[in-house]
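Here's the structure we're looking at; comments come further down.
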Amino acid sequence: MLIPHDTRIALDTVVDLVNTAPQDEPAADTPADGPADGLADVAALYAFAQRHHISGVGTLGEKDLTAVREVRTRFAEVFAAPEARTAADLVNRLVAAAGTTPQLTDHDGYDWHVHYFAPDASIGDHLAADCGMALAFIIVAGEQDRLRRCEAPDCGRAFVDLSRNRSRRYCSSRTCGNRLHVAAYRARRREAAG
Ligand SMILES: [Zn+2]
Ligand SMILES: [Zn+2]
């Protein structure tokens with residue numbers, strides 16, 4: 001699957017956005033007050049915008065934080081969608097609400113690409129438009145099942161499986177994949193010993 005550079009960047013952004021949400025089922029070893037929200041305050045939202053080079057969104061406030069968290073919930077639903085039609089409906093609603101204005105641009109030395117967010121869009125609308133269209137691209141390509149959640153029992157982080165044979169099961173082979181391999185290995189050893 002050929003994914004344009006800017007779509008790839010928007011996919012990274014939406015995965016990171018979804019993963020800032022506290023997980024529904026916290027791991028047994030997380031503190032009693034539950035896992036932290038990665039977008040706990042406006043400062044965290046600024047850091048997120050900076051991390052993903054989201055420019056032109058002006059001064060951010062509580063309203064933006066609420067809006068972005070709302071968009072985050074919608075994107076989490078797209079990742080949880082059982083099939084393409086459900087995902088498509090969700091993306092359609094998100095993108096329509098964001099008021100997109102597709103615009104070709106080659107700003108800052110990047111190759112020609114399309115910005116979907118309207119000029120002066122708030123950060124919530126910006127994310128809904130550009131990340132929504134990146135997910136639309138995946139759905140159009142017939143690849144909705146690449147939008148996944150990590151299968152490690154206490155993880156559940158979102159990721160986009162861009163592997164050639166769509167075989168990826170974990171958010172990261174270095175952390176979750178490896179952790180499960182070690183656990184399976186120990187279980188086999190216990191079995192062999194008992
Ligand atoms: Zn751009
Ligand atoms: Zn994981």
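Hydrogens, waters and symmetry mates play no part in the numbers below; they use all other heavy atoms, side chains included. In each ligand, atom 1 is the first atom listed, and ligand 1 is the first ligand listed.
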Pairing donors with acceptors under 3.5 angstrom, does anything connect the side chains of [X] and [Y]?
X	Y	value
T86	E83	yes
D12	H52	no
H115	H126	no

For SG in C176 and SG in C171, the angle at the Zn ion (ligand 2) (nearest 10°) is 110°
For SG in C155 and SG in C150, the angle at the Zn ion (ligand 2) (nearest 10°) is 110°
Any Lys/Arg nitrogen of [X] or [Y] sitting under 4.0 Å from an Asp/Glu carboxylate oxygen of the other?
X	Y	result
R188	E191	no
D161	R166	no
R72	D37	yes

Determine whether I139 and F137 make a side-chain contact, defined as any pair of heavy atoms from C-beta on separated by less than 4.5 Å. no
With a cut-off of 2.8 Å, strictly less than, protein N/O/S atoms near the Zn ion (ligand 1) add up to 3
